[in-house]
There are 2 protein chains.
Amino acid sequence: MKSYHHGNLKQELINCACRLCERDGYTKLSIRSLAKESGVSQTAPYRHFETKETLYASVATEGFKKLSKACHIDADKKITKKHLVEIGYNYIEFGLKNANTYDLMFGTAVGNFAEYPELLESANSTYENMRLSFSKLASDSDEVIAFKCITLWSMVHGLVGILRKVQVVGDDFDEGVGPISTASVIATNLEDHLDKVLTGLIQS
Amino acid sequence: MKSYHHGNLKQELINCACRLCERDGYTKLSIRSLAKESGVSQTAPYRHFETKETLYASVATEGFKKLSKACHIDADKKITKKHLVEIGYNYIEFGLKNANTYDLMFGTAVGNFAEYPELLESANSTYENMRLSFSKLASDSDEVIAFKCITLWSMVHGLVGILRKVQVVGDDFDEGVGPISTASVIATNLEDHLDKVLTGLIQS
DNA sequence: GCTATCATGTTTACACTGCTAACATTAAAT
DNA sequence: ATTTAATGTTAGCAGTGTAAACATGATAGC
């Protein structure tokens, strides 16, 4: 006894899209398959998402919320360098374990965040969280804090990219000092690595 | 008086694809439009590229060759830290000026480089060039050299990603210490920034 | 030089996609 | 109770990747 109106279609579409995006990558996701999965007509999603990019933006928004949570450090306690390393580590872990969603968040599938207020908000809040943590480590100026924060972010962001690129090739290629094995070494000693870089960053 | 056989179709398709990919982004590129552009039937490209991914791989290969060239330092002269900063700067410049091609090289459009020998070769050779430059700076062990090299690479790779993501939003958003203006500061002082990070890296 | 072969190009066709327009149903507002 | 707006459906367009069957012509062996 299915009613004509679904009742909760938008949220169900988003949930479904998040699941399928992460499972198969966002390129494999089609609005039509999504509609079928929710037992609704092919064009029903268009009542809730103007274009496919709008749907992508919703998935990316969810992604930033999860990333925010993964990188959150309890604000009450005193922040040490160890905490920052932890943030970086958690960031990288998120990027590697949610690789397909991560692509949607940082790739070009969603062109301009400013067109999607919720997305812009969730992305900015991820940044604000990180910045707050840095601000509790030392009494730097706002500019220096922001600078360090962006430096850490680009560092871990870059590592996610390189590690992923190198992982898929497989490790029977460059025994020794090639990019694959080197990246592996970095990956297995991530905390050490982040610690070194952050030490340089914090002291300067 | 056009002959049935084109004569140089494969190379023309690659050139055309490189141009269109960089102009419109690889998602806008279709095999059919490419064929039309070369004045040939819709399915002719399939005689030269098994799938669309194979075509992508060719474009990415060209990309790595250009990147290699952009990051090349003349091997004869003595390498100083300044040269490494220059490499990093050139890398970032390439990533920003060839953003769409860069996506193809480091995104997920081409899944596994190992399936495309020429691509794997050109990507590895980019890495080897960089590693060679590092090896001429100090007498580190191969492992340390590789480590530093991957660290610089992930650093600049991450900066390209963050800078691009933040650029499209526009700079009338977060006056002061938001990610946009901070990234702008880093961008306009790229040499300084790389110098700082590299100094920490080289001394450790 | 003649012919068989094979690389390369064409035509046709299928299943899929994003998206629009016109219409149907029902919940909410007046 | 009636109007209206939100949400759903159906039909259809133009475009896509790709496979199969066929056409053409360059080239290799006789």
Side-chain angles (χ1 to χ4, degrees), chain A residues 1-21 23-60 100 103-104 107-112 115-116, chain B residues 1-21 23-60 100 103-104 107-112 115-116:
Chain A
M1 186 61 194
K2 226 177 47 179
S3 71
Y4 189 92
H5 282 71
H6 182 284
N8 199 26
L9 185 55
K10 180 165 188 178
Q11 194 54 53
E12 180 164 327
L13 287 173
I14 293 178
N15 294 342
C16 196
C18 288
R19 212 174 50 244
L20 293 185
C21 270
R23 203 190 59 187
D24 306 324
Y26 69 89
T27 46
K28 303 293 180 190
L29 183 74
S30 78
I31 287 187
R32 289 160 110 106
S33 67
L34 204 58
K36 188 176 282 179
E37 187 101 353
S38 296
V40 98
S41 81
Q42 294 181 345
T43 57
Y46 283 91
R47 296 290 153 203
H48 302 281
F49 302 97
E50 269 191 9
T51 69
K52 204 183 180 186
E53 185 171 326
T54 317
L55 176 67
Y56 282 159
S58 294
V59 175
N100 286 330
D103 283 341
L104 209 44
T108 48
V110 181
N112 187 348
E115 288 171 16
Y116 309 96
Chain B
M1 185 61 191
K2 224 177 48 177
S3 71
Y4 190 90
H5 281 70
H6 183 284
N8 198 26
L9 186 54
K10 181 165 187 177
Q11 194 54 52
E12 179 163 329
L13 288 173
I14 293 178
N15 294 342
C16 195
C18 287
R19 211 174 52 245
L20 293 184
C21 269
R23 203 190 60 187
D24 306 324
Y26 69 90
T27 48
K28 305 290 181 193
L29 182 74
S30 78
I31 287 187
R32 289 160 111 107
S33 67
L34 204 58
K36 188 176 282 181
E37 188 101 353
S38 296
V40 98
S41 81
Q42 293 180 348
T43 57
Y46 282 90
R47 296 291 153 204
H48 302 281
F49 302 98
E50 269 190 9
T51 69
K52 204 183 179 186
E53 186 172 325
T54 316
L55 176 67
Y56 282 159
S58 293
V59 176
N100 287 330
D103 283 341
L104 209 44
T108 49
V110 181
N112 187 349
E115 289 171 17
Y116 309 96

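Chain letters run A, B, ... following the sequence lines, proteins first and then strands; every chain starts at 1. A quick note: this is a predicted structure, and the numbers were derived from the prediction, not measured. Values below: every heavy atom of this structure, side chains too, minus hydrogens, waters and symmetry copies.
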Check: Are any of the side-chain heavy atoms of B:L104 and B:C21 separated by less than 4.5 Å?
Finding: yes

Margin query: Is there a side-chain contact between A:Y46 and A:T54 in this structure, where contact means two heavy atoms from C-beta onward sitting under 4.5 Å apart?
Written below: no

Item checked: Distance, nearest 0.5 Å, that separates OG of A:S33 from CD of A:Q42 ->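 Here the rounded value is 10.5 Å.
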
Margin query: When you measure from the side chain of B:K52 to the backbone of B:L29, do you find a donor-acceptor pair of N or O atoms at a distance under 3.5 Å?
Written below: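 Side chain of B:K52 to backbone of B:L29, a donor-acceptor pair under 3.5 Å: yes, one is there.
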
Check: Is a side-chain N or O of A:Y56 found less than 3.5 angstrom from the main chain of A:Y26, in a donor-acceptor match?
Finding: yes

Item checked: Contact under 4.0 Å: B:H48 side-chain N or O vs C:dA7 OP1/OP2 -> no

Next item on the list: For residues B:A57 and B:V110, report the shortest heavy-atom separation together with the two atoms involved.
Entry: N-CG2, 3.8 Å

Tell me: [atom1] of [X] to [atom2] of [N], nearest whole Å?
| X | N | atom1 | atom2 | answer |
| --- | --- | --- | --- | --- |
| A:R47 | C:dA22 | CZ | P | 12 Å |
| B:L34 | C:dG9 | CG | P | 13 Å |
| A:L13 | D:dT7 | CG | P | 12 Å |
| A:L9 | C:dA27 | CG | P | 15 Å |
| A:F49 | D:dG8 | CZ | C1' | 15 Å |
| B:K36 | C:dG9 | NZ | P | 18 Å |

Where do N or O atoms of nucleotides 16-19 of chain C meet protein N or O atoms at under 3.5 Å, pair by pair?
| from | atom 1 | to | atom 2 | distance (Å) |
| --- | --- | --- | --- | --- |
| C:dT17 | OP1 | A:S30 | OG | 2.9 |
| C:dG18 | OP1 | A:I31 | N | 3.2 |
| C:dG18 | OP1 | A:K52 | NZ | 2.8 |
| C:dG18 | OP2 | A:I31 | N | 3.1 |
| C:dG18 | N7 | A:R32 | NH1 | 2.5 |
| C:dG18 | O6 | A:R32 | NH1 | 2.9 |
| C:dC19 | OP2 | A:Y46 | OH | 3.3 |
| C:dC19 | OP2 | A:K52 | N | 2.9 |
| C:dC19 | N4 | A:R32 | NH1 | 3.1 |

Notebook entry, point to check: Which nucleotide sits closest to the side chain of A:V40: D:dT9, C:dT11, C:dT8?
Noted result: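 Of the candidates, D:dT9 comes closest.
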
